[in-house]
Amino acid sequence: MGVAIGAVPRAAHFALVDVNNFYVSCERVFQPRLERVPLVVLSNNDGCAVARSSEVKALGVKMATPWFLLKDLAVQHGIQALSSNYTLYGDMSERVVSILRDFSPDIEVYSIDESFLRIDAVLHLYPHSLAMGEAMRSRIRQWTGLPVCVGMGASKTLAKLANHLAKKHAVFNGVCDLNALTDPELEHWLSITEVGEVWGVGRQISLRLQAMGIQTVWDLRSTSQKILRTHFGVVMERTCSELNGISCLELEEVVPAKQQIIASRSFGRAVTSREELEESVATHMARACEKLRAQSSVAAMIQVFVRTNRFKPSEPQYSPSIAIRLAEACDDTLVLTDAALTGLGRIFKAGYRYKKAGVVLSSISEKAQQQRGLFDDRALDHKSADLMKVMDALNTRFGKKTVHSAAMGNTTGWAMRSENRSPHYTTCWDELPFVR
DNA sequence: TCTGGGGTCCTAGGACCC
DNA sequence: TCTGGGGTCCTAGGACCC
């Protein structure tokens, strides 16, 4: 008698692979002199430190600390700061993902520096799960120069936690599989880890949990799900199941379409004129529409918002937003820009010093199932679709803003600051690194 | 110049209408 | 004229994550 292969569902086994200090590590690959130099990479507009080298973390610098608040510390400890270079990071990210696909075809690219993999079908290829993790680490290091840590567990939440342990405790040597631990070992590690380290438990929920006497991950894992449900809802109940090894979150191999798309930026300086606000809103709308078309969706509602500098209470504050429902859902940059500028016209007031502007696309649906209006002109539709297709193709081939709407303008006095960006080493012929 | 990110989802509550 | 429920739309803001 044969046994039907696959009849028994395999126990779930997930891995989370995460690049250490991703942006900082990308910069160091191309500038080895930055190894061991305390280094931060700043967010858009050179605002906050969004990536910190281990030396900087050791100084107690928290995620998203404003750079200007770090100036003294930077002088004191020789911290260097680079503007972010998303073109470089995006390209390096793709390289890591393509390596990981060789390890398991079941992969969810969770963020620019993190991927979940389902590994239960491929684990038999290795003597031990840790050997698989080690193989991932060394191949990524060798092929891209980037250091990663690997966490494994019976659910995505456990894999994420294991990754945290692998990063934080040298004893794991960069690879931690919670499934491979004995029960006392598991209890030990979960008991010395604060509940705030759990995926989905942020600062506020941490505080509320602690007030209930739930301090550690082990405490949370041992809490009655009924209690968690009444106090925090189904999401926390699910997190607790995941911590107990019951996998509730599937791998999202196909990225689900966004229900809301935001494009916004702070300005490099205060903006007062309506014309400049219009240019920035048009620019943001173009970017939002590119994202919308990339997921083959249409939007039936847009919002436009502008705001003054909330950190300057001495200046008059104004932060209006306006929603506009469209007669018909669409993905045409020109149509949506037109609507956004109309909206801006309604909320704009002269006399304020604006610091940020943005657009939101919502009421999003699949383009294929688009509701048709009674009086639609199909020929016009095709014309619009063709135009957008050509625009996207040209901008992909020849670089952003090769072709754009006139509303975006050509002055960029309001553009964000980016004072210390490294070259586009891997994506631009003129900026390839030199090896002497 | 005088510094403070960006994105997604979700919900409370006000305004308005039936 | 007064009262109330319930729905929708919109705005504001919380929470989380990287």
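Chain A is the first sequence line, chain B the second, and so forth, proteins listed ahead of strands; every chain is numbered from 1.
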(message) Give the residues of residues 12-31 of chain A touching DNA chain C, defined as any heavy atom closer than 4.0 Å, sorted by residue number.
(response) none
(message) For a quick check under 3.5 Å, do A:Thr426 and A:Asp91 share a side-chain donor-acceptor pair by atom type?
(response) yes
(request) Report which part of the nucleic acid A:Gly200 touches: base, sugar-phosphate, or nothing (heavy-atom distance under 4.0 Å, all strands). (result) sugar-phosphate
(request) Could you identify which residues of residues 65-77 of chain A place a heavy atom less than 4.0 Å from some atom of DNA chain B, listed by residue number, or say none? (result) A:Pro66, A:Phe68, A:Lys71
(request) Could you tell me from which nucleotide to which nucleotide of DNA chain C, 5' to 3', there is an atom under 4.0 Å from chain A heavy atoms? (result) C:dC10 to C:dC18
(message) Please classify the nucleic acid contact of A:Tyr89 as base, sugar-phosphate, or nothing, using heavy-atom distances under 4.0 Å.
(response) nothing
(request) Specify the residue among A:Phe311 and A:Ser264 whose closest nucleotide of DNA chain B lies further upstream toward the 5′ end. (result) A:Phe311
(request) Please state the C1' separation for the pair C:dT3 and B:dC17 - nearest whole angstrom. (result) 16 Å
(request) State plainly whether the residues A:Arg28 and A:Glu55 are in salt-bridge range, i.e. N to O under 4.0 Å. (result) yes
(message) Once you apply a heavy-atom cut-off of 4.0 Å, does A:Asp46 come out as touching a base, just sugar-phosphate, or nothing?
(response) nothing
(request) Assess the pair A:Trp199 and A:Phe14: is the distance between their ring centroids shorter than 6.0 Å? (result) no
(request) Check DNA chain B against residues 205-214 of chain A and give the residues with a non-hydrogen atom under 4.0 Å, in numerical order. (result) none
(message) Run the side chain to side chain contact (heavy atoms under 4.5 Å, CB included) test against A:Met63 and tell me which residues pass, sequence neighbours left out.
(response) A:Val50, A:Arg52
(request) Could you give me the CA-CA distance, side-chain angles and deciding distance for A:Leu146 and A:Cys26, then say whether side chain to side chain contact (heavy atoms under 4.5 Å, CB included) is met? (result) CA-CA 7 Å; A:Leu146 294 171; A:Cys26 288; 4.2 Å; yes
(request) Taking only heavy atoms on the protein side, list every residue of residues 245-261 of chain A lying under 4.0 Å from any atom of DNA chain B, sorted numerically. (result) A:Lys258, A:Gln259, A:Gln260, A:Ile261
(message) For the C1' atoms, the ones on C:dC18 and on B:dC2, what distance do you get once it is rounded to whole angstrom?
(response) 28 Å
(message) Is it the case that the side chains of A:Ser321 and A:Gln303 hold a donor-acceptor pair, with the cut-off being a distance below 3.5 Å and no angle test?
(response) no
(message) Run the side-chain hydrogen bond (donor to acceptor under 3.5 Å, both in side chains) test against A:Arg346 and tell me which residues pass, sequence neighbours left out.
(response) none
(message) Assess whether a salt bridge exists between A:Glu290 and A:Arg287, defined as any Lys/Arg side-chain N lying under 4.0 Å from an Asp/Glu carboxylate O.
(response) no
(message) Is it true that A:Ser53 and A:Arg36 share a donor-acceptor pair across their side chains at a distance under 3.5 Å?
(response) no
(request) Provide the full list of ring pair (Phe, Tyr, Trp, His ring centres under 6.0 Å) pairs with a residue in residues 308-346 of chain A, sequence neighbours left out, each pair given once. (result) A:Tyr318-A:Tyr352
(message) To the nearest 0.5 Å, what is the distance between CD1 on A:Ile119 and CG on A:Asp177?
(response) 6.5 Å
(message) Between A:Arg221 and A:Asp219 (salt bridge meaning N to carboxylate O under 4.0 Å), is one present in this structure?
(response) no
(message) Holding to side-chain hydrogen bond (donor to acceptor under 3.5 Å, both in side chains), I want the full list of residues that pass it with A:Ser247, two or more places apart in sequence or in another chain.
(response) none
(request) For B:dG4 versus C:dC16, give the span between their P atoms, rounded off to a whole number of Å. (result) 25 Å
(message) Among A:Thr283, A:Asn45, A:Asn44, which residue satisfies the side-chain contact (heavy atoms from CB on, under 4.5 Å) criterion with A:Arg265?
(response) A:Asn44
(message) Assess whether a salt bridge exists between A:Glu276 and A:Arg269, defined as any Lys/Arg side-chain N lying under 4.0 Å from an Asp/Glu carboxylate O.
(response) yes
(request) Name the nucleic acid region contacted by A:Arg307, choosing base, sugar-phosphate or nothing; use a 4.0 angstrom heavy-atom cut-off, strictly under. (result) nothing
(message) For DNA chain C, which residues of residues 313-325 of chain A approach it to below 4.0 angstrom with any heavy atom?
(response) A:Ser321, A:Ile322, A:Ala323, A:Arg325
(request) Using a strict cut-off of less than 4.0 Å between a Lys/Arg side-chain nitrogen and an Asp/Glu carboxylate oxygen, indicate whether A:Arg274 and A:Glu278 qualify as a salt bridge. (result) yes
(request) Look at the side chain of A:Glu242 and the backbone N and O of A:Leu249, then say whether any donor-acceptor pair between them is shorter than 3.5 Å. (result) yes
(message) Taking the nucleotide of DNA chain B with the nearest heavy atom to each, does A:Arg353 or A:Lys291 sit closer to the 5' end?
(response) A:Arg353
(request) Strictly below 4.0 Å, heavy-atom distances to any atom of DNA chain B: list the hits from residues 150-161 of chain A, or just say none. (result) none
(request) Without swapping roles, check the side chain of A:Thr216 against the backbone of A:Glu194 for a donor-acceptor pair under 3.5 Å. (result) no
(request) Applying side-chain contact (heavy atoms from CB on, under 4.5 Å) between A:Leu251 and each of A:Ile107, A:Asp106, A:Leu117, report the one that passes. (result) A:Asp106
(request) Give the intermediate values and the outcome of salt bridge (charged side-chain N to carboxylate O under 4.0 Å, His left out) for residues A:Lys160 and A:Glu197. (result) CA-CA 9 Å; A:Lys160 195 116 163 80; A:Glu197 300 297 342; over 6 Å; no
(message) Between A:Ser93 (side chain only) and A:Tyr89 (backbone N and O only), is there a donor and an acceptor less than 3.5 Å apart?
(response) no
(request) Indicate the ring-plane relationship of A:Tyr425 and A:Phe30, choosing parallel, tilted or perpendicular according to the 30° and 60° boundaries. (result) parallel
(request) Would you kindly check if the NZ (Lys) or CZ (Arg) of A:Lys156 is within the cone defined by 45 degrees around the ring axis of A:Phe116 and under 6.0 Å from the six-membered ring centre? (result) yes
(request) Taking Watson-Crick and G-U wobble pairs with both distances under 3.5 Å, convert DNA chain B into its dot-bracket string, 5' to 3', dots for unpaired and | for cross-strand pairs. (result) ....||||||||||||||
